[in-house]
Amino acid sequence: MPALQPVRGTQDLLPLQMRRHRAVSETARVVALRYGFEEMATPIFEFTEVFQKPIGETSDIVSKEMYSFADRGGEHVTLRPENTAGVVRAVLSNGLTQAAPLKFFYSGPMFRYERPQKGRFRQFHQIGVELIGVAQPQADVEVIAAGARILDELGILGRTELELNTLGDTETRRLYREHLVAYYAGFRDKLSEDSLRRLETNPLRILDSKDPGDIAINIEAPEFHRHLNPLSTAFFDAVKRGLDALGIAYRLNPRLVRGLDYYTHTAFEFVTRDLGAQGTVMGGGRYDGLVGLMGGPEMAGVGWAAGIERLAMLIEEPAVAERPVAIIPVGEAAEPVALRLAEDLRRAGLVVDQSYSGNLGKRMKRANKVAARFAVLLGEDELARGVASLRDLDSGAQEEVPLAGLTDRLVQTR
RNA sequence: GCGGGUGUAGCUCAGUUGGUUAGAGCGCCAGAUUGUGAUUCUGGAUGUCGCCGGUUCGAGCCCGGUCACUCGCCCCA
């Protein structure tokens with residue numbers, strides 16, 4: 001039995017779970033389309049450099065979580081750990097910068113070499129939207145609104161809370177970072193090991209530390225909002241006003257930072273308490289500067305990504321699609337008739353289940369197992385009279401229906 | 001990468017201070033019912049006790065290692 005195991009951190013999506021995934025990605029796709037985001041897809045692997053610089057050399061993702069390898073031609077490629085960099089690469093590769101604003105929706109697998117946990121996998125799936133080429137705060141508001149709408153249509157908006165913060169523009173961020181490093185430098189002997197490391201890699205992260213000693217130090221740390229320049233403040237105010245106007249509730253969280261280097265201004269996360277340690281269900285923000293960083297023109301951008309597995313764990317069991325009609329031939333002579341009838345019904349759009357062997361009792365059991373709504377019984381005596389016995393499997397009522405009118409009859413009962 | 005917990009049938013889980021043929025429920029298969037399912041009754045099959053090694057007369061149980069899952073840290077979706 002322990003024969004073949006899936007690779008650590010990967011999982012099979014059997015029909016039960018696949019239905020949940022499909023419900024999430026399909027709901028998201030339909031809603032995103034209403035907001036004007038068009039579906040697109042990029043390759044699941046790219047040249048390593050596509051991710052390296054944008055995400056940041058010091059980020060956890062690039063420094064220790066990427067599936068990178070040299071292919072047979074010696075090219076250094078990486079399984080995508082996230083999709084924003086890939087989308088921006090596609091924009092540049094296809095010369096789409098002239099067509100801004102660009103609005104994209106995507107859905108697909110991502111790969112990170114992390115320690116698996118509840119709601120955390122090495123191959124996982126994300127849905128996401130990107131709005132590229134709009135520097136106005138309305139874009140942030142629309143992107144967040146689309147996310148909230150999707151969560152709402154999935155029936156889980158009430159189980160999440162929107163946390164909001166601003167990272168300021170590039171200038172603000174650079175100055176604040178300098179202040180922070182200067183402040184923490186005075187506590188080198190008191191900071192936790194993790195935070196000492198963060199001081200080198202991403203000092204903003206120290207603000208988010210859970211270490212009691214760090215928390216004490218953080219009380220006196222320079223406050224970010226005091227370093228925001230007027231432009232950044234005005235931008236953030238406009239985003240908040242927009243959300244207020246739409247009635248989208250949020251909680252300001254000055255400690256909310258993003259793991260990826262390319263974020264500026266708005267940062268947000270929809271979090272839940274229902275998934276243990278992996279509370280973030282959707283996260284994103286503004287990334288002005290990313291397009292330029294990747295070699296394109298200076299171009300604004302804002303977007304989010306959400307984990308399909310995490311969302312799938314939160315939603316109600318999706319209803320199974322349409323219940324099938326079970327075709328049950330009795331005797332050799334009925335087999336070809338049943339085969340044709342099944343085709344006719346399918347052509348008419350009905351879901352049809354066929355049984356392959358066994359006596360009538362066995363085939364009825366199968367019909368029951370696949371949750372068939374009706375069973376169509378075709379025996380010698382029915383054939384002789386050009387009829388079929390139509391059995392309602394819920395009520396048990398059974399009647400004879402002329403074969404010629406069977407399709408119409410079943411289509412009407414859908 | 002660090003710390004804790006758990007691995008027994010397809011699934012959920014019992015299994016006494018180490019003791020001889022390892023159990024239950026559900027599911028599965030068959031029969032009661034050779035043209036009528038989901039109910040009921042009767043019967044049946046299924047295990048490298050996660051894996052490797054050690055201790056012991058004897059290991060599902062104790063010890064070491066390993067793999068997987070899981071919870072927390074880290075990080076994030």
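Proteins come first, then strands; the chains are lettered A, B, ... in the order of their sequence lines, and each starts at number 1.
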Q) Which whole-number value in Å describes the distance from Arg323(A) CZ to rA38(B) P? A) 15 Å
Q. Which whole number of Å gives the distance between the P atom of rU6(B) and that of rA77(B)?
A. 33 Å
Q. Say you pick atom P in rC28(B) and the same atom in rC74(B); how far apart are they, in whole Å?
A. 46 Å
Q: Sort out the partner of rC73(B) for me: Watson-Crick or G-U wobble, both distances under 3.5 Å, none otherwise.
A: rG1(B)
(Q) Minimum heavy-atom separation for Pro222(A) and Leu180(A), please, with both atom names. (A) CD-CD1, 3.8 Å
Q.
Taking rC62(B) as the reference, what is the distance to rG25(B) when you measure between their C1' atoms (whole Å, please)?
A. 30 Å
Can you give each donor-acceptor pair under 3.5 Å made by side-chain atoms of residues 31-39 of chain A, sequence neighbours left out, with the distance rounded to 0.1 Å?
| unit_1 | atom_1 | unit_2 | atom_2 | d |
| --- | --- | --- | --- | --- |
| Arg34(A) | NH2 | Glu153(A) | OE2 | 2.7 |

(Q) Tell me the interatomic distance from Arg363(A), atom CZ, to rU33(B), atom C1', rounded to whole angstroms. (A) 18 Å
Q | Whole-Å C1' distance, rG60(B) and rA45(B) | A | 22 Å
Q: Would you name the heavy atoms of Asp12(A) and Gln17(A) that are closest together and state the gap between them?
A: O-OE1, 3.7 Å
Q. When you compare rC26(B) with rU46(B), how far apart are their C1' atoms, in angstrom units rounded to a whole number?
A. 14 Å
Q: Using the test side-chain contact (heavy atoms from CB on, under 4.5 Å), find all partners of Thr280(A) that sit at least two apart in sequence or belong to another chain.
A: Glu269(A), Val271(A), Arg310(A)
Q: Select base, sugar-phosphate, or nothing to describe what Gln11(A) touches, counting heavy atoms under 4.0 Å on all strands.
A: nothing
Q.
Applying side-chain contact (heavy atoms from CB on, under 4.5 Å), can you list everything that pairs with Ala342(A), at least two apart in sequence or on another chain?
A. Ile327(A), Arg346(A), Val352(A), Gln354(A)
Q: By nearest nucleotide on RNA chain B, pick out whichever of Glu82(A) and Leu377(A) is the more 5' one.
A: Leu377(A)
Q. How is Glu380(A) classified with respect to the nucleic acid when contacts are heavy atoms under 4.0 Å: base, sugar-phosphate, or nothing?
A. base
Q. Gly283(A) near the nucleic acid: base, sugar-phosphate alone, or nothing, with a heavy-atom cut-off under 4.0 Å?
A. sugar-phosphate
Q: Report the distance from atom OG1 of Thr78(A) to atom CD of Glu75(A), rounding to the nearest 0.5 Å.
A: 12.0 Å
Under 3.5 Å, which N/O atoms of the protein pair with N/O atoms of nucleotides 25-31 of chain B?
| unit_1 | atom_1 | unit_2 | atom_2 | d |
| --- | --- | --- | --- | --- |
| rA30(B) | OP1 | Lys362(A) | NZ | 2.8 |

Q) Do any pairs count as a ring-ring contact (aromatic ring centres under 6.0 Å, His included) and have a residue in residues 160-200 of chain A, sequence neighbours left out, and if so which ones? A) Tyr176(A)-Phe224(A), Tyr176(A)-His227(A), His179(A)-His227(A), Tyr183(A)-Phe187(A)
Q) Ile328(A) near the nucleic acid: base, sugar-phosphate alone, or nothing, with a heavy-atom cut-off under 4.0 Å? A) nothing
Q | Set of residues satisfying side-chain contact (heavy atoms from CB on, under 4.5 Å) with respect to Thr170(A), sequence neighbours excluded | A | Thr264(A)
Q: Go ahead and name the base partner of rU16(B); Watson-Crick or wobble counts if both distances stay under 3.5 Å, otherwise write none.
A: none
Q: Check RNA chain B against residues 148-164 of chain A and give the residues with a non-hydrogen atom under 4.0 Å, in numerical order.
A: none
Q: Measure from the side-chain N and O atoms of Glu335(A) to the backbone N and O of Glu332(A), and report whether any donor-acceptor pair falls under 3.5 Å.
A: no
Q) Using the P atom in both, what is the distance from rU48(B) to rG5(B), to the nearest Å? A) 27 Å
Q. Over how many whole Å does the gap from Leu360(A) atom CG to rA38(B) atom P extend?
A. 12 Å
Q. Is the backbone N or O of Ala397(A) less than 3.5 Å from a side-chain atom of Ser395(A), with the two atoms forming a donor-acceptor pair by type?
A. yes
(Q) Pairing check on rC49(B): which nucleotide meets the Watson-Crick or G-U wobble criteria with it, both distances under 3.5 Å? (A) none
Q. Checking Ser25(A) side chain against His21(A) main chain: does a donor-acceptor pair fall under 3.5 Å?
A. yes
Q. If pairing requires Watson-Crick or G-U wobble contacts with both distances under 3.5 Å, which nucleotide is the partner of rU6(B)?
A. rA68(B)
List the atom pairs, donor and acceptor, that lie under 3.5 Å between side-chain atoms in residues 106-119 of chain A and the rest of the protein, sequence neighbours left out.
| unit_1 | atom_1 | unit_2 | atom_2 | d |
| --- | --- | --- | --- | --- |
| Arg112(A) | NE | Pro81(A) | O | 2.8 |
| Arg112(A) | NH2 | Pro81(A) | O | 3.0 |
| Gln117(A) | OE1 | Gln278(A) | NE2 | 3.2 |

Q: Could you check which nucleotide pairs with rG27(B) in any of the strands shown, counting Watson-Crick or G-U wobble with both distances under 3.5 Å?
A: none
**Q.** Residue list, side-chain contact (heavy atoms from CB on, under 4.5 Å) with Ser357(A), at least two apart or on another chain
**A.** none
Q. What's the CE-P distance between Met364(A) and rA38(B), to the nearest Å?
A. 9 Å
**Q.** Leu79(A) CG - rA77(B) P separation (whole Å)
**A.** 17 Å
Q: If a pair satisfies ring-ring contact (aromatic ring centres under 6.0 Å, His included) and one of its residues is in residues 379-399 of chain A, list it, with sequence neighbours excluded.
A: none
Q. Atom CG of Asn368(A) and atom C1' of rG37(B): how far apart are they, to the nearest Å?
A. 5 Å
Q: Could you list by number each residue of residues 110-131 of chain A showing a heavy-atom separation from RNA chain B of less than 4.0 Å, or answer none if no residue does?
A: Arg112(A), Glu114(A), Arg115(A), Gln117(A), Lys118(A), Gly119(A), Arg120(A), Phe121(A), Phe124(A), Gln126(A)
Q. What distance, rounded to whole Å, do you find between the two C1' atoms, one in rG47(B) and one in rU8(B)?
A. 8 Å
**Q.** Protein-nucleotide distance (Asp274(A), atom CG; rA77(B), atom P), rounded to Å
**A.** 19 Å
Q. Which whole number of Å gives the distance between the P atom of rU16(B) and that of rG50(B)?
A. 14 Å
**Q.** Under 3.5 Å on both distances, the Watson-Crick or G-U partner of rC62(B)
**A.** rG54(B)
(Q) Near RNA chain B, counting only heavy atoms under 4.0 Å, which residues of residues 300-309 of chain A show up? (A) Ala305(A), Gly307(A)
Q. Taking atom C1' of rG37(B) as reference, at what distance in whole Å does atom CD1 of Ile327(A) sit?
A. 16 Å
(Q) Within the supplied structure, the quantity of interest is the number of heavy atoms (other residues, nucleotides, ligands) at a distance under 6.0 Å from Lys53(A) NZ; does it exceed 12? (A) no
(Q) Mind checking if Gly284(A) touches a base, just sugar-phosphate, or nothing, with heavy atoms under 4.0 Å? (A) nothing
(Q) Under 3.5 Å, is there a donor on one side chain and an acceptor on the other for Asp214(A) and Ser192(A)? (A) yes
